[in-house]
Amino acid sequence: MIEGVERDSHGNVQLSGMGALGDYLLEIAKDNLGKGLRVRADTFGYLQRSFPGFVSEVDAQEARRVGELAVHYSMEQSSGSVAMRRKAGDDMRSSISSRPLTRSRG
């Protein structure tokens with residue numbers, strides 16, 4: 001178990017963008033493959049989610065719905081973005097809406 005790392009609202013360990021998985025695997029390789037071996041770990045971020053064999057049914061349904069609504073909104077509006085927001089609770093419900101594009105001032 002990886003301790004002391006960021007977790008999402010469902011308790012899942014945040015692996016993308018922080019190198020924890022790569023660092024862990026790097027240490028295993030260094031410990032087991034012998035001294036003097038040069039080992040490097042790369043963190044791919046979202047690559048682990050891109051294999052179609054591991055798409056959850058919820059993710060697939062939400063992606064299709066977001067795409068359908070993006071087409072629908074594009075015919076009604078001249079600009080905007082589609083946003084999905086999780087509803088409170090543990091059942092993974094979400095709402096999808098069109099949001100205006102705004103400039104950030106900073």
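Contact of the K30 side chain with the E27 side chain is registered, since non-hydrogen atoms from C-beta on lie closer than 4.5 Å.
A chain of hydrophobic side-chain contacts below 4.5 Å, direct or via other Ile, Leu, Val, Met, Phe, Trp or Tyr residues, connects L69 to M84.
Looking only at atom types and distance, the side chain of H72 has no donor-acceptor partner in the side chain of E68 under 3.5 Å away.
Between Y73 and V82, the closest heavy-atom pair is CD1-CG2, 3.8 Å. Taking each heavy atom of R99 and A83 in turn, the nearest pair found is CG-CB, 3.4 Å. Here the shortest heavy-atom pairing between A29 and V39 reads CB-CG1, 4.1 Å.
With values rounded to the nearest 0.5 angstrom, L26 atom CG is found 9.0 Å from D31 atom CG. The OG atom of S94 lies 7.5 Å from the NZ atom of K87; values are rounded to the nearest 0.5 Å.
In the displayed structure, Q77 atom CD is contacted under 6.0 Å by more than 12 heavy atoms of other residues, nucleotides or ligands.
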